Visitor: 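Provided herewith is a single structure, encoded as structure tokens, for subsequent inquiry.
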Amino acid sequence: MYKILTMNTISPIYREILPAEEYEVSPTAENPDAILVRSADLHEFALPKSVKCVARAGAGVNNIPLDAFGEKGVVVFNTPGANANAVKELVLAGMLLASRDIVGGIAWCQSLKGEEGVAKLVEKGKNKFVGPEIMGKTLGVIGLGEIGALVANAGNSLGMKALGFDPYISVAHAWMLSRSIGRAKSQDDLLAASDYVTVHVPLMDATRGMMNEEFLAQMKPGAVLLNFARGELADNDAVKAALRSGHLRAYVTDFPNEALLGVKGVIAIPHLGASTPESEDNCVVMACRQIDMYLKNGAIRNSVNYPACDLGAADGQRVAVLHANVPNMVGQITSAIAHDNINIDNMTNSSKGKFAYTVLHLDDVAPEDVIQSLSKVQGVYGVRVL
């Protein structure tokens, strides 16, 4: 029986993927084979040697030390796209909130409690909260992954002219886009043409602070900027300056911080992008499927530190080796097996950054001493026999 350690409260839907007769899933599991986590910080966590993989029920993995786990032969999974619809719906809500001052209007209505003639006061004061419709306006989407593609399609369905820009768009995500979505030649072209700009890119060194003074200056005067990706993508000082000057009409973000609270024109939402029961269930189901596939047959899907490797059910013995992506590793691995006159019927090798994954399909069962010698090869982080 496999043991799964849960680091956060997990939706009971996990039992649909990890049945009780095969998996013990518990927050107190000892010597676990895998860890299922949401927001718990694992940077200072004493990782048990028994752990083979960690699955994050969500997209962000800032709470997990990817390289450190990778060097221990631990594959880390996330669940991209599982919460895409939930985020898409909140982006649409953000556009509507920024178009008319709905938030301010609701707060003003509440302030009328106890006043006489509320209906007349409302009719007299409602003009302070007017704003444009989104139909017919241009929506610019930077980053056309799972979420960005859904947002572009939804904007188009609502009568907006949707423009997309993503120089790294995958074939799968391109197929998701409606044929009505326009293609911007450059990010600057998109910014200059859009009444609403929403950014859906990962946080990395190249994108940190990308919504800066130069980015904002390229935007259409009076446009709305939406950030439901990561707070660190925006230069808060530049955003506040653009709001003060009126060049930016509103900034809608799902990542509030002290610098943004109380700033006129900022609509701060308390990180509700994935906060739906459907989204949480989707993330748990995807994470559990990845754990199940990896523990049973060594397949890797949606790993953030090791390469993808789709494998069918094991036919005969399968030896999976997690190792450094450096020259001569495959030669050393195959030599360790061939030294005992064991034939390698088939082999799969793939790499991702500094890590690689080699799976050997053997005609014969490799003795334990061969597996041990393979484990001792410099640069090998983990060996699994399936």
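Just so it is clear, the structure is predicted and the values come from calculations on it, not from any experiment.
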Visitor: For R183, I'd like to know if atom CZ has over 12 heavy atoms of other residues, nucleotides or ligands within 6.0 Å.
Guide: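 It does not: R183 CZ has 12 such atoms or fewer within range.
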Visitor: Using a 4.5 Å cut-off on heavy atoms from C-beta on, say whether the side chain of P48 contacts that of V51.
Guide: yes
Visitor: Using modelled atom types only, decide if a donor and an acceptor are shared between the side chain of D254 and the backbone of F228 within a distance under 3.5 Å.
Guide: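 Here the side-chain-to-backbone pair does not exist.
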Visitor: Would you call the rings of F255 and H271 parallel, tilted or perpendicular, where under 30° means parallel and over 60° means perpendicular?
Guide: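 The arrangement is tilted - the two ring planes meet at 30° to 60°.
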Visitor: Within a 6.0 Å radius of atom CD on E44, are there more than 12 heavy atoms belonging to other residues, nucleotides or ligands?
Guide: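 Counting other residues, nucleotides and ligands, CD of E44 stays at 12 neighbours or fewer.
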Visitor: So do the side chains of V54 and V37 get within less than 4.5 Å of each other, counting heavy atoms only?
Guide: yes
Visitor: Given side-chain contact (heavy atoms from CB on, under 4.5 Å), test Y196 with I134 step by step and report yes or no.
Guide: CA-CA 9 Å; Y196 300 81; I134 64 172; 3.6 Å; yes
Visitor: Go through the side-chain N and O atoms of E89 and N85 and say whether any donor and acceptor fall under 3.5 Å apart.
Guide: yes
Visitor: Ignoring hydrogens and angles, state whether a donor on the side chain of Y23 or D292 is under 3.5 Å from an acceptor on the partner side chain.
Guide: yes
Visitor: With side chains defined as the heavy atoms from C-beta onward, is the minimum distance between P12 and V284 less than 4.5 Å?
Guide: no
Visitor: So, N343 versus D363: side-chain donor-acceptor pair below 3.5 Å or not?
Guide: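 Side chains of N343 and D363: pair found under 3.5 Å.
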Visitor: May I ask you to test the K52-V74 pair for a side-chain heavy-atom distance under 4.5 Å?
Guide: no
Visitor: Answer yes or no: are there more than 12 heavy-atom neighbours, outside K161 itself, under 6.0 Å from its atom NZ?
Guide: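 Count not over threshold, so no.
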Visitor: Are K3 and D33 close enough for a salt bridge, meaning some N to O gap below 4.0 Å?
Guide: no
Visitor: Measuring only between side-chain heavy atoms, which start at C-beta, is P65 closer than 4.5 Å to L42?
Guide: yes
Visitor: Mind checking whether Y294 and Y357 have parallel, tilted or perpendicular rings, split at 30° and 60°?
Guide: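 Y294 vs Y357 ring planes: tilted.
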Visitor: Does D235 reach the main-chain N or O of A238 with its side chain, forming a donor-acceptor pair under 3.5 Å?
Guide: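 Present.
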Visitor: Quick one: pull up CE in M329 and OG1 in T334 and give me the separation to the nearest 0.5 Å.
Guide: 10.5 Å
Visitor: With no hydrogens and no angle check, is any side-chain donor or acceptor of T276 less than 3.5 Å from a backbone partner on S279?
Guide: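 Yes: the side chain of T276 pairs with the backbone of S279.
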Visitor: Checking the side chain of R38 only, and the main-chain atoms of T9 only, is there a donor and an acceptor separated by less than 3.5 Å?
Guide: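 A pair under 3.5 Å: yes.
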Visitor: Please evaluate residues M160 and T138 with respect to the criterion side-chain contact (heavy atoms from CB on, under 4.5 Å), reporting the C-alpha separation (whole Å), side-chain torsions for both, the decisive distance (0.1 Å), and the verdict.
Guide: CA-CA 6 Å; M160 303 182 79; T138 299; over 6 Å; no
Visitor: Mind checking the CZ-CG spacing from R318 to N346? Nearest 0.5 Å is all I need.
Guide: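 It is 9.5 Å, given to the nearest 0.5 Å.
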Visitor: With a 3.5 Å distance limit and no angle check, can you tell me whether H247 reaches the backbone of M219 through a side-chain donor-acceptor pair?
Guide: yes
Visitor: Is it the case that the side chain of S194 and the backbone of L191 share a donor-acceptor pair, with hydrogens and angles ignored and the cut-off at 3.5 Å?
Guide: no
Visitor: If we ignore angles and hydrogens, is there a donor and acceptor under 3.5 Å between the side chains of Q218 and E214?
Guide: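 Not at all, the side chains of Q218 and E214 share no donor-acceptor pair under 3.5 Å.
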Visitor: Can you list the steps and then say if K354 with D67 is a side-chain contact (heavy atoms from CB on, under 4.5 Å)?
Guide: CA-CA 9 Å; K354 61 193 295 186; D67 285 353; 3.8 Å; yes
Visitor: Judged by atom type as modelled, is there a donor-acceptor pair below 3.5 Å linking the side chain of H43 to the main-chain atoms of N62?
Guide: yes
Visitor: Quick check: closest heavy atoms across V239 and A234, and the distance to 0.1 Å?
Guide: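 Of all heavy-atom pairs spanning V239 and A234, the closest is CG2-CB, 4.4 Å.
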Visitor: Report whether L226 and M210 are members of the same hydrophobic cluster (ILVMFWY, side-chain heavy atoms less than 4.5 Å apart, transitive linking).
Guide: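 In one cluster: no.
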Visitor: Check this for me: M135, atom CE, are more than 12 non-hydrogen atoms of other residues, nucleotides or ligands nearer than 6.0 Å?
Guide: no
Visitor: Using a distance-only test with no angle check, is there a side-chain donor-acceptor pair under 3.5 angstrom linking D281 and S11?
Guide: yes
Visitor: Would a hydrophobic clustering, with Ile, Leu, Val, Met, Phe, Trp and Tyr connected at side-chain separations under 4.5 Å, put L158 with L150?
Guide: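 The answer is no; the residues belong to distinct hydrophobic clusters.
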Visitor: For the residue pair N305 and S303, confirm or rule out a side-chain donor-acceptor distance under 3.5 Å.
Guide: yes
Visitor: Are any of the side-chain nitrogens in E133 or R100 under 4.0 Å away from the carboxylate oxygens of its partner?
Guide: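 Looking at R100 together with E133, the answer is no, because their closest N to O distance does not fall below 4.0 Å.
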Visitor: Which residues pass the salt bridge (Lys or Arg N to Asp or Glu O under 4.0 Å) test with D195, sequence neighbours left out?
Guide: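 Salt bridge (Lys or Arg N to Asp or Glu O under 4.0 Å) check on D195 returns K220.
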Visitor: For a side-chain contact (heavy atoms from CB on, under 4.5 Å) check, start with the C-alpha distance between Y14 and V285, then their side-chain angles and the critical distance, and finish with the verdict.
Guide: CA-CA 6 Å; Y14 73 82; V285 167; over 6 Å; no
Visitor: For a side chain to side chain contact (heavy atoms under 4.5 Å, CB included) with H323, tell me which candidate from V326, N325, V321 qualifies.
Guide: V321
Visitor: Establish whether Y251 and V91 are linked, either directly or via other cluster members, by ILVMFWY side-chain heavy-atom contacts under 4.5 Å.
Guide: no
Visitor: Using only atom types and a distance under 3.5 Å, with no angle test, would you say the side chain of D189 pairs donor to acceptor with the backbone of A184?
Guide: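 Absent.
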Visitor: Would you find a donor on one side and an acceptor on the other, under 3.5 Å apart, between the side chain of N282 and the backbone of P277?
Guide: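 No: the side chain of N282 does not pair with the backbone of P277.
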Visitor: Would a 4.5 Å heavy-atom cut-off, applied to side chains only, mark F129 and N127 as touching?
Guide: no
Visitor: Is there a path of hydrophobic side-chain contacts, each under 4.5 Å between heavy atoms of I, L, V, M, F, W or Y residues, that connects V224 with L90?
Guide: yes
Visitor: Is there a side-chain contact between L261 and P256, using heavy atoms and a 4.5 Å cut-off?
Guide: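 Yes. Closest side-chain heavy atoms under 4.5 Å.
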Visitor: Give a yes or no on whether M7 and I17 share a hydrophobic cluster (residues Ile, Leu, Val, Met, Phe, Trp, Tyr; joining criterion: side-chain heavy atoms under 4.5 Å apart).
Guide: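 Different clusters: M7 never reaches I17 through Ile, Leu, Val, Met, Phe, Trp or Tyr contacts under 4.5 Å.
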Visitor: Can you measure from CG (L295) to OH (Y2) and round to the nearest 0.5 angstrom?
Guide: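 Answer for the CG-OH pair, L295 versus Y2, is 6.0 Å.
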Visitor: Report, as yes or no, whether the 6.0 Å neighbourhood of atom CD on E368 holds more than 12 heavy atoms from other residues, nucleotides or ligands.
Guide: yes
Visitor: Answer yes or no: is there a side-chain heavy-atom contact under 4.5 Å between R56 and V76?
Guide: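 Side chain of R56 against side chain of V76, heavy atoms only: no contact under 4.5 Å found.
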Visitor: With salt bridge (Lys or Arg N to Asp or Glu O under 4.0 Å) as the test, would you mind laying out the steps for D101 and K128 before giving the verdict?
Guide: CA-CA 8 Å; D101 187 8; K128 294 183 293 185; over 6 Å; no
Visitor: Does the K376 side chain pair with the main chain of Q372, one donor and one acceptor, at a distance under 3.5 Å?
Guide: no
